[in-house]
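Below you'll find the structure, written out as structure tokens, and then a few comments.
Just so you know, ligand 1 is whichever comes first in the structure, and atom 1 is the first atom listed for that ligand. Atoms considered below: every heavy atom in the structure, side chains included; atoms not considered: hydrogens, waters and symmetry mates.
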Amino acid sequence: MILHLDMDAFFASVEQRDRPELRGQCVIVGGSSQRGVVTTASYEARRYGVRSAMPMFEARRRCPHGIVVPGRMHRYKAISQRVMGRLKAFTPLVEKVSIDEAYMDISGCERLHGPPARMGRAIKNAILEEVRLTCSIGIAPVRFLAKIASDFHKPDGMTIITPEQVMPFIDRLPIQKVPGVGPKALTTLNKMGIHTLGQIRHQRPETLDRRMGKFGARLMTLAHGLDETPVNPSGKAKSFSSEGTLARDLCDRDLLRQQILQHAEDVGRQLRRHGAKARTVTLKIKYHDFRQITRSTTLAKPFQSSADLFQAACRLMDDELLRQKIRLIGVGASNLVASRTPAQMDLFSTAASGPGSDWDSVDQALDAINIKFGRDTINRANLKDPSRKS
Ligand code: TTP
Ligand code: MG
């Protein structure tokens, strides 16, 4: 059995916990400037339609009496650590997947902690005792159903799906609840007449493959109630990213490259600090009208230098027709391998990046200075721009 735990309105609840005057109030966490966005909102504010990622001006319009609070990431991280520590007292098989959620493999825990329902209640009590916050729990025989279940009775909820309930649950499950089904996939699936996960089972795999690509096969597996993804307690990150809303909307590619450079530096630093190399670079762009696109490229050799990241991300931007001004830009690195994995030397390359190159030494020097004197003490003025041939 897999248990999924997710804290309720996490950042907002921490604020209400630390500041009693905010309890019972509409609390909106996020940037208060005209261009800020909502990070999260207390359940009181959600009644007025305030949601994560909503522009702050819209949140203020919907909930004028809401109290806007800037985020305090270090505080949320500290509380998160205490929550995760408490979970590990139940079983070492805990996988933290974000700041406020974790999976636990609770198979075989019955003798120690009783049946799943009792264990779920014990965990909720332990978290309440430890940090005085509520969470929601989902328990199911497979991972993706545990995640869906934890969302069923939020806040302070617990939903258990027994093995016998799995297939009837899948048959009724709205397809948009399945992790990975975004607005685009939903439109395609609805056009195919598919509205529940159960309906996927009656599709021909070739049709799904043609319409949905690789994700079609994944949906078919899930529709059969099979999700072999194990709980991975190593806690190793699967990706690193950095993004930010621009001070004003831009479409000047040179200015955007400067932003990309900063994010590439940040992601490069994260990679090197975790001793990881990545193979895939992702560029994320949110346009003026909030439409968001991501573009990825997978490089032949795993990389960890900021220069490689920067150049790949710039190439992705160069391939994009920027039809509108951009309000947010971000860079990500995924498809990670441990950096101990020896990199294949490229016999014919003369590029100034790659293992042992000058850029590696530059990265090491910058990282050392920034660790010693604080982040962004020193940065590159610029990097070679791949779109300029000189
Ligand atoms: P979530 O668990 O998605 O949201 P939540 O805990 O605020 O509310 P819920 O009760 O529905 O679980 O995310 C956890 C925290 O991550 C959230 O408190 C703030 C942060 N976050 C962002 O920074 N940006 C986002 O877009 C979202 C969704 C969350
Ligand atoms: Mg949460």
Quick check for students: name every N or O atom pair between ligand 1 and the protein closer than 3.5 Å, with distances.
| residue | atom | partner | partner atom | Å |
| --- | --- | --- | --- | --- |
| ligand 1 | 2 (O) | D6 | OD1 | 3.1 |
| ligand 1 | 2 (O) | D6 | OD2 | 3.4 |
| ligand 1 | 2 (O) | D100 | OD1 | 3.2 |
| ligand 1 | 2 (O) | D100 | OD2 | 2.9 |
| ligand 1 | 6 (O) | M7 | O | 3.1 |
| ligand 1 | 6 (O) | A9 | N | 3.4 |
| ligand 1 | 6 (O) | F10 | N | 2.9 |
| ligand 1 | 6 (O) | D100 | OD2 | 2.9 |
| ligand 1 | 7 (O) | F10 | N | 3.2 |
| ligand 1 | 7 (O) | T40 | OG1 | 2.5 |
| ligand 1 | 7 (O) | R46 | NH2 | 3.3 |
| ligand 1 | 8 (O) | A9 | N | 3.2 |
| ligand 1 | 8 (O) | R46 | NH2 | 2.8 |
| ligand 1 | 10 (O) | A9 | N | 2.8 |
| ligand 1 | 10 (O) | Y43 | OH | 2.6 |
| ligand 1 | 10 (O) | K154 | NZ | 3.1 |
| ligand 1 | 11 (O) | Y43 | OH | 3.4 |
| ligand 1 | 11 (O) | R46 | NH1 | 3.0 |
| ligand 1 | 12 (O) | D6 | OD1 | 2.8 |
| ligand 1 | 12 (O) | M7 | O | 3.2 |
| ligand 1 | 12 (O) | K154 | NZ | 3.1 |
| ligand 1 | 18 (O) | F10 | N | 3.4 |
| ligand 1 | 18 (O) | F11 | N | 3.0 |

Do you see a donor-acceptor pair shorter than 3.5 Å between the side chains of [X] and [Y]?
{"X": "T187", "Y": "N190", "result": "no"}
{"X": "S239", "Y": "S334", "result": "no"}
{"X": "T196", "Y": "D171", "result": "no"}
{"X": "Q81", "Y": "Y76", "result": "no"}
{"X": "H4", "Y": "E101", "result": "yes"}

Cut-off under 2.8 Å, centre the Mg ion (ligand 2), protein N/O/S atoms: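 Per the 2.8 Å query on the Mg ion (ligand 2), atoms found are D6 OD1, M7 O, D100 OD2.
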Flag, side chain of R143 to backbone of P230, donor-acceptor distance under 3.5 Å: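 Between the backbone of P230 and the side chain of R143 there is a qualifying donor-acceptor contact (under 3.5 Å).
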Non-neighbouring partners of R327 that pass side-chain hydrogen bond (donor to acceptor under 3.5 Å, both in side chains), sequence neighbours left out: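 side-chain hydrogen bond (donor to acceptor under 3.5 Å, both in side chains) check on R327 returns nothing, list empty.
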Qualifying residues under side-chain contact (heavy atoms from CB on, under 4.5 Å), relative to R279, sequence neighbours excluded: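 side-chain contact (heavy atoms from CB on, under 4.5 Å) check on R279 returns T298, P302, N335.
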Six-ring centre of Y43, R46 cation under 6.0 angstrom, axis tolerance 45°: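 Yes; both conditions hold, so R46 lies above the ring face of Y43.
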